[in-house]
Visitor: 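Following this message is one structure expressed as C-alpha coordinates.
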Amino acid sequence: MIGVVKIKPEKGVSLEEFPVLQPVGDEVLIKVTVSGICGSDLALYEMDQPATDRWLSLPIIIGHEFCGVVESVGPQVTQFLQGDRVSGETHIPCMTCQTCQTGKAHIC
(Lines give C-alpha, C1' and ligand atoms only; values in the text may rest on other atoms or scores of the structure.)
Protein backbone atom coordinates (compact mmCIF):
# COMPACT_ATOMS: atom_id res chain seq x y z
CA MET A 1 0.00 0.00 0.00
CA ILE A 2 1.31 3.47 -0.85
CA GLY A 3 0.37 6.55 1.15
CA VAL A 4 1.11 10.27 1.08
CA VAL A 5 2.73 10.83 4.46
CA LYS A 6 3.75 13.76 6.62
CA ILE A 7 6.88 12.49 8.36
CA LYS A 8 8.65 15.56 9.75
CA PRO A 9 7.32 18.85 11.19
CA GLU A 10 8.52 20.81 8.16
CA LYS A 11 7.15 21.70 4.71
CA GLY A 12 6.45 18.76 2.41
CA VAL A 13 5.19 15.19 2.31
CA SER A 14 6.50 11.94 0.87
CA LEU A 15 5.22 8.76 -0.74
CA GLU A 16 5.79 5.76 1.50
CA GLU A 17 4.98 2.08 1.20
CA PHE A 18 3.19 0.34 4.06
CA PRO A 19 2.33 -3.31 4.65
CA VAL A 20 -1.29 -4.27 4.04
CA LEU A 21 -2.66 -5.49 7.36
CA GLN A 22 -5.54 -7.93 7.66
CA PRO A 23 -8.48 -6.66 9.70
CA VAL A 24 -9.12 -8.12 13.14
CA GLY A 25 -12.08 -7.74 15.49
CA ASP A 26 -14.38 -4.99 14.22
CA GLU A 27 -11.93 -3.57 11.67
CA VAL A 28 -12.57 -3.18 7.92
CA LEU A 29 -9.88 -3.09 5.22
CA ILE A 30 -10.80 -0.58 2.51
CA LYS A 31 -9.10 -0.30 -0.87
CA VAL A 32 -9.10 3.46 -1.41
CA THR A 33 -10.06 4.34 -4.99
CA VAL A 34 -10.31 8.13 -4.66
CA SER A 35 -8.93 10.51 -2.04
CA GLY A 36 -9.37 14.25 -1.76
CA ILE A 37 -6.95 16.79 -0.40
CA CYS A 38 -8.61 19.40 1.81
CA GLY A 39 -7.52 22.52 3.64
CA SER A 40 -6.22 20.66 6.68
CA ASP A 41 -4.07 18.47 4.40
CA LEU A 42 -2.65 21.60 2.76
CA ALA A 43 -1.92 23.09 6.18
CA LEU A 44 -0.07 19.87 7.08
CA TYR A 45 1.90 20.04 3.82
CA GLU A 46 2.92 23.64 4.46
CA MET A 47 3.25 23.02 8.21
CA ASP A 48 1.54 26.31 8.91
CA GLN A 49 -1.55 27.29 10.84
CA PRO A 50 -3.76 25.49 11.82
CA ALA A 51 -1.34 22.53 11.62
CA THR A 52 1.11 24.12 14.06
CA ASP A 53 -1.71 24.94 16.49
CA ARG A 54 -2.71 21.34 17.10
CA TRP A 55 -1.04 18.33 18.58
CA LEU A 56 0.25 16.06 15.84
CA SER A 57 1.48 12.53 16.08
CA LEU A 58 3.81 12.03 13.13
CA PRO A 59 3.99 10.22 10.83
CA ILE A 60 0.44 10.74 9.57
CA ILE A 61 -1.10 9.69 6.24
CA ILE A 62 -2.97 12.57 4.62
CA GLY A 63 -6.06 12.32 2.41
CA HIS A 64 -8.74 11.59 5.02
CA GLU A 65 -11.57 12.35 2.56
CA PHE A 66 -11.88 9.14 0.60
CA CYS A 67 -14.06 6.57 -1.14
CA GLY A 68 -13.25 2.94 -1.72
CA VAL A 69 -14.29 -0.69 -1.72
CA VAL A 70 -14.32 -3.08 1.24
CA GLU A 71 -11.54 -5.61 0.65
CA SER A 72 -12.07 -7.70 3.77
CA VAL A 73 -13.66 -7.52 7.21
CA GLY A 74 -12.76 -8.67 10.70
CA PRO A 75 -14.75 -11.49 12.33
CA GLN A 76 -16.89 -9.13 14.44
CA VAL A 77 -18.07 -6.98 11.50
CA THR A 78 -21.74 -7.42 10.64
CA GLN A 79 -22.66 -4.26 8.70
CA PHE A 80 -20.21 -4.48 5.78
CA LEU A 81 -19.40 -7.11 3.18
CA GLN A 82 -16.48 -7.55 0.83
CA GLY A 83 -17.19 -5.49 -2.30
CA ASP A 84 -19.33 -2.83 -0.56
CA ARG A 85 -18.60 0.70 -1.76
CA VAL A 86 -17.91 3.06 1.15
CA SER A 87 -16.74 6.55 2.01
CA GLY A 88 -14.92 7.63 5.13
CA GLU A 89 -16.32 9.85 7.86
CA THR A 90 -13.34 11.10 9.82
CA HIS A 91 -15.09 13.47 12.18
CA ILE A 92 -15.68 12.18 15.69
CA PRO A 93 -18.05 14.65 17.31
CA CYS A 94 -18.47 14.84 21.08
CA MET A 95 -22.25 15.40 20.72
CA THR A 96 -22.28 17.53 23.88
CA CYS A 97 -20.71 20.88 22.90
CA GLN A 98 -22.64 23.89 21.56
CA THR A 99 -21.50 23.13 18.01
CA CYS A 100 -22.82 19.58 18.14
CA GLN A 101 -26.03 20.60 19.91
CA THR A 102 -26.83 23.10 17.12
CA GLY A 103 -26.51 20.55 14.31
CA LYS A 104 -22.93 21.33 13.29
CA ALA A 105 -21.21 18.19 14.55
CA HIS A 106 -19.10 18.14 11.36
CA ILE A 107 -17.05 21.06 12.74
CA CYS A 108 -16.81 19.89 16.37
Visitor: By the salt bridge (Lys or Arg N to Asp or Glu O under 4.0 Å) test, which pairs, at least two apart or in different chains, include something from residues 1-15?
Guide: Lys11-Glu46
Visitor: What pair of heavy atoms forms the shortest contact from Phe80 to Val73, and how long is it?
Guide: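 Heavy-atom minimum between the residues: O-CG1, 3.8 Å.
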Visitor: Taking all non-hydrogen atoms of both residues into account, name the closest pair between Pro93 and Cys100 and its distance.
Guide: CB-SG, 3.6 Å
Visitor: Taking Leu58 as the starting point, is it possible to reach Leu15 by hopping between hydrophobic residues whose side chains are less than 4.5 Å apart?
Guide: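 Yes, one cluster joins them.
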Visitor: Less than 4.5 Å apart, side chain to side chain, heavy atoms only: is that true for Val5 and Val13?
Guide: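 Heavy-atom side-chain distance check fails, nothing below 4.5 Å.
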Visitor: Going only through I, L, V, M, F, W and Y residues with side-chain contacts under 4.5 Å, is there a path from Val4 to Val32?
Guide: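 No: no chain of side-chain contacts under 4.5 Å links Val4 to Val32.
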Visitor: Excluding sequence neighbours, so at least two apart, what forms side-chain contact (heavy atoms from CB on, under 4.5 Å) with Ile37?
Guide: Asp41, Leu42, Ile62
Visitor: So, for Val70 and Val28, which heavy atoms are closest and what is the spacing to 0.1 Å?
Guide: CG1-CG1, 3.8 Å
Visitor: Roughly how far, to the nearest 0.5 Å, is CD of Glu27 from CD of Gln22?
Guide: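 Atom-to-atom, Gln22:CD and Glu27:CD are 10.5 Å apart.
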Visitor: Quick one: OG on Ser14 to CD1 on Ile2, what's the gap to the nearest 0.5 Å?
Guide: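 Result: 11.5 Å between the selected atoms.
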Visitor: Would you confirm whether Thr33, through its side chain, and Cys67, through its main-chain N or O, come within 3.5 Å as a donor-acceptor pair?
Guide: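 Pair found, side chain donor or acceptor close to backbone of Cys67.
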Visitor: Indicate the atoms forming the closest heavy-atom contact of Gly3 with Ile61, along with that distance.
Guide: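 Between these two residues, the closest heavy atoms are CA-CG2, 4.5 Å.
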Visitor: Is there a path of hydrophobic side-chain contacts, each under 4.5 Å between heavy atoms, that joins Phe66 and Leu29?
Guide: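 No, no single cluster joins them.
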Visitor: Side chains of Pro23 and Val77: does their closest heavy-atom pair fall under 4.5 Å?
Guide: no
Visitor: At what distance, to the nearest 0.5 angstrom, does CD of Glu71 lie from CD of Gln82?
Guide: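 Interatomic distance, Glu71 CD to Gln82 CD, rounded to 0.5 Å: 7.0 Å.
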Visitor: What pair of heavy atoms forms the shortest contact from Glu65 to Cys38, and how long is it?
Guide: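 Taking Glu65 first and Cys38 second, the nearest heavy atoms are OE2-CB, 3.5 Å.
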Visitor: Which heavy atom of Ala105 sits nearest a heavy atom of Met95, and at what distance?
Guide: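 Looks like CB-SD, 4.1 Å.
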